[in-house]
K.L.:
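First, the structure itself, so that you have it in front of you.
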Number of protein chains: 2
Amino acid sequence: MTQANQKVKEQFNHFLSKKGLKGTLQRNLILDAFLDLDRSTHIDELYLLLRGKHPTIGHATVYRALRLFAAAGVAREINRGDGLTRYEVASGGKRRDYLVCIDCGTVTEFDNSTVEQFQAEVAGSMGFSIQSLKIELRGVCNHCKAQQG
Amino acid sequence: MTQANQKVKEQFNHFLSKKGLKGTLQRNLILDAFLDLDRSTHIDELYLLLRGKHPTIGHATVYRALRLFAAAGVAREINRGDGLTRYEVASGGKRRDYLVCIDCGTVTEFDNSTVEQFQAEVAGSMGFSIQSLKIELRGVCNHCKAQQG
DNA sequence: GCTGGTTTTGAAAGTTGATTTCGTTTATAG
DNA sequence: CTATAAACGAAATCAACTTTCAAAACCAGC
């Protein structure tokens, strides 16, 4: 358990008590698995993962837990347009910047200082308070370009 | 019928004959309705719209026609993460830049020269050939900010 | 520790939009 | 025309998401 993960768990517990909700074994197990995975995932993946160790945990519980994590601000929903709702740990920034290769399907995350500049400019000119930003670039990655000659 | 729309229809007909597919009454009606609407739409909206004038057109046919339009390059699929697959006329650029207000749900399109600059920089640094670009900013719009005081 | 009221759980059912099936109809080349 | 491949529409199916409901777990107050 990293210190960052410990902090996330505290944040979630604080959210629960603030809302009069209960801390349960299942919620703890699901949150642990979610944090341990440390990458974006979706309900069924997490469900199957947990199912191995804790056969009693149900699909609906995983579903509800992930939504609760999102409501608590410790997780974030991702929609990549593939019909699946993914979740990732929300800590550290609110950006989601992807390069999606239309050839091999690889999804690369990137971080470019231009993004911040871009964000500031749009916010200024449109009078818009930006809360989150999602940029998805689709194209052909270096590797696939090389393969195609 | 604008000249641009006429061109789109020619493009679609060319696609059909190139692929050995058939031009049908339904496909023409659906394409006309889609072009006339002149904004992003989804299957059911278009279906209901057509249904009024041409009660024999079925849901499946609208669905298949829109996918065909996309395959022909005259339409483009849009996924805004709301569970609906939308389509819009593909003519004119490959960008989709949105501002989504998390308060009132309004979706505003924007066009900012910074986008192009940004795109070029990312492509250069990552060795990525960008084909399409989707930017979605979520936040609070001017109007809602004013209402909240 | 109990107890009582509330919340949570898991299995199963329901919902929704997307997609396919299938028998019939239509378009088009020869 | 006629053959045949494609397209049609209604209905069925699919997959992911979401809700229902009775039983179980939680926890604040005794």
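Please read all numbers here as calculations on a predicted model, not as lab measurements. Here is how names work: the chains are called A, B, and so on, in the same order as the sequence lines, proteins then strands, and each is numbered from 1.
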K.L.:
Strictly below 4.0 Å: does A/Arg27 bring a side-chain N or O up to OP1 or OP2 of D/dA25?
P.N.:
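So the side chain of A/Arg27 is outside the cut-off, no N or O lying under 4.0 Å from OP1 or OP2 of D/dA25.
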K.L.:
Given side chains that start at C-beta, do those of A/Leu29 and A/Lys53 come closer than 4.5 Å, heavy atoms only?
P.N.:
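A/Leu29 vs A/Lys53: side chains apart.
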K.L.:
Could you give the distance from CG (B/Leu66) to CD1 (B/Ile30), rounded to the nearest 0.5 Å?
P.N.:
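Reported value, rounded in 0.5 Å steps: 7.0 Å.
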K.L.:
Rounding to an integer number of Å, can you tell me how far B/Lys19 NZ sits from C/dT28 P?
P.N.:
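About 18 Å, once rounded to whole Å.
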K.L.:
Listed in order of residue number, which residues of residues 10-17 of chain A have a non-hydrogen atom at under 4.0 Å from DNA chain C?
P.N.:
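None - not one residue of the stretch has a heavy atom sitting under 4.0 Å from the strand.
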K.L.:
Within the sub-3.5 Å range, which N or O atoms of nucleotides 26-30 of chain D have a protein N or O partner, and how far apart are they?
P.N.:
{"residue": "D/dC26", "atom": "O2", "partner": "A/Lys22", "partner atom": "NZ", "Å": "2.7"}
{"residue": "D/dC27", "atom": "OP1", "partner": "A/Gly23", "partner atom": "N", "Å": "3.3"}
{"residue": "D/dC27", "atom": "OP1", "partner": "A/Gly23", "partner atom": "O", "Å": "3.4"}

K.L.:
Can you name the nearest heavy-atom pair linking A/Gly23 to A/Leu16, along with the distance?
P.N.:
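Shortest heavy-atom contact: CA-CD1, 3.9 Å.
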K.L.:
Quick one: A/Phe69 CZ to C/dT8 P, roughly how many Å, whole number?
P.N.:
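Distance, rounded to whole Å: 12 Å.
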K.L.:
Run the numbers on A/Thr24 and A/Thr61 for side chain to side chain contact (heavy atoms under 4.5 Å, CB included), then give the verdict.
P.N.:
CA-CA 11 Å; A/Thr24 66; A/Thr61 302; over 6 Å; no
K.L.:
What's the spacing between A/Leu25 CG and A/Thr56 OG1 if we round to 0.5 Å?
P.N.:
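Answer for the CG-OG1 pair, A/Leu25 versus A/Thr56, is 7.5 Å.
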K.L.:
Hey, could you give me the CZ/CD1 distance between B/Arg64 and B/Ile43, rounded to the nearest 0.5 Å?
P.N.:
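Spacing of CZ (B/Arg64) from CD1 (B/Ile43) equals 11.0 Å.
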K.L.:
Once you apply a heavy-atom cut-off of 4.0 Å, does A/His59 come out as touching a base, just sugar-phosphate, or nothing?
P.N.:
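Since a base atom lies under 4.0 Å of A/His59, the category is base.
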K.L.:
Considering only D/dC21, D/dC17, C/dA18, which nucleotide approaches the side chain of A/Arg64 most closely?
P.N.:
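Nearest listed nucleotide: D/dC21.
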K.L.:
Roughly how far apart are B/His59 NE2 and B/Leu48 CG, rounded to 0.5 Å?
P.N.:
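Rounded to the nearest 0.5 Å, the NE2-CG separation comes to 10.0 Å.
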K.L.:
On DNA chain D, does the nearest nucleotide to A/Arg67 precede the nearest nucleotide to B/Val62 from the 5' side, or the other way round? Give the residue.
P.N.:
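Counting from the 5' end, the first nearest nucleotide belongs to B/Val62.
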K.L.:
Nearest-Å distance, OH (A/Tyr47) to P (C/dT9)?
P.N.:
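Interatomic distance, OH of A/Tyr47 to P of C/dT9: 14 Å.
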K.L.:
Given D/dC17, D/dA10, C/dG10, identify the nucleotide with an atom nearest to the side chain of A/Ile43.
P.N.:
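Nucleotide nearest to A/Ile43's side chain: D/dC17.
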K.L.:
Taking it one step at a time, do A/Gln6 and A/Glu10 satisfy side chain to side chain contact (heavy atoms under 4.5 Å, CB included)?
P.N.:
CA-CA 6 Å; A/Gln6 192 55 51; A/Glu10 279 165 23; 3.9 Å; yes
K.L.:
Please report the interatomic distance CG(A/Asn28) to CG(A/Asn13), rounded to the nearest 0.5 Å.
P.N.:
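Between atom CG of A/Asn28 and atom CG of A/Asn13 there are 6.5 Å.
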K.L.:
Without decimals, in angstroms, what is the distance between A/Asn28 CG and C/dT8 P?
P.N.:
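Result: 13 Å.
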K.L.:
Through what angle, rounded to 10 degrees, does the axis of the helix from C/dG1-D/dC30 to C/dG30-D/dC1 turn between its ends, using five pairs per end?
P.N.:
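So the angle between the two local helix axes works out to 30°.
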K.L.:
Can you tell me how far NE2 of A/His42 sits from CZ of A/Arg86, rounded to the nearest 0.5 angstrom?
P.N.:
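If I round to the nearest 0.5 Å, the distance is 6.0 Å.
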K.L.:
Without decimals, in angstroms, what is the distance between A/Leu84 CG and C/dA18 C1'?
P.N.:
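My rounded result for the distance is 14 Å.
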K.L.:
Output the rounded distance in Å from CD1 (B/Ile57) to C1' (D/dA10).
P.N.:
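Rounded to the whole Å, the gap is 15 Å.
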K.L.:
Please report the distance, rounded to the nearest Å, between NE2 in A/His54 and C1' in C/dT9.
P.N.:
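It works out to 16 Å between those atoms.
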K.L.:
Establish, with yes or no, whether the OP1 or OP2 oxygen of D/dT18 is under 4.0 angstrom from a side-chain nitrogen or oxygen of A/Tyr63.
P.N.:
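Yes.
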K.L.:
Does D/dC8 have OP1 or OP2 sitting under 4.0 Å from an N or O in the side chain of B/Thr56?
P.N.:
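No, B/Thr56 has no side-chain N/O under 4.0 Å of OP1/OP2 on D/dC8.
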K.L.:
Using the ring of each side chain (for Trp, its six-membered ring), is B/Phe69 parallel, tilted or perpendicular to B/Phe12, with breaks at 30° and 60°?
P.N.:
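B/Phe69 and B/Phe12: perpendicular rings.
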K.L.:
In whole Å, what is the span from the CG atom of B/Leu68 to the P atom of C/dT20?
P.N.:
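Roughly 14 Å, once rounded to whole Å.
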K.L.:
What are the two closest heavy atoms between B/Val74 and B/Phe34, and how far apart are they?
P.N.:
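Nearest heavy atoms, B/Val74 then B/Phe34: O-CE2, 4.4 Å.
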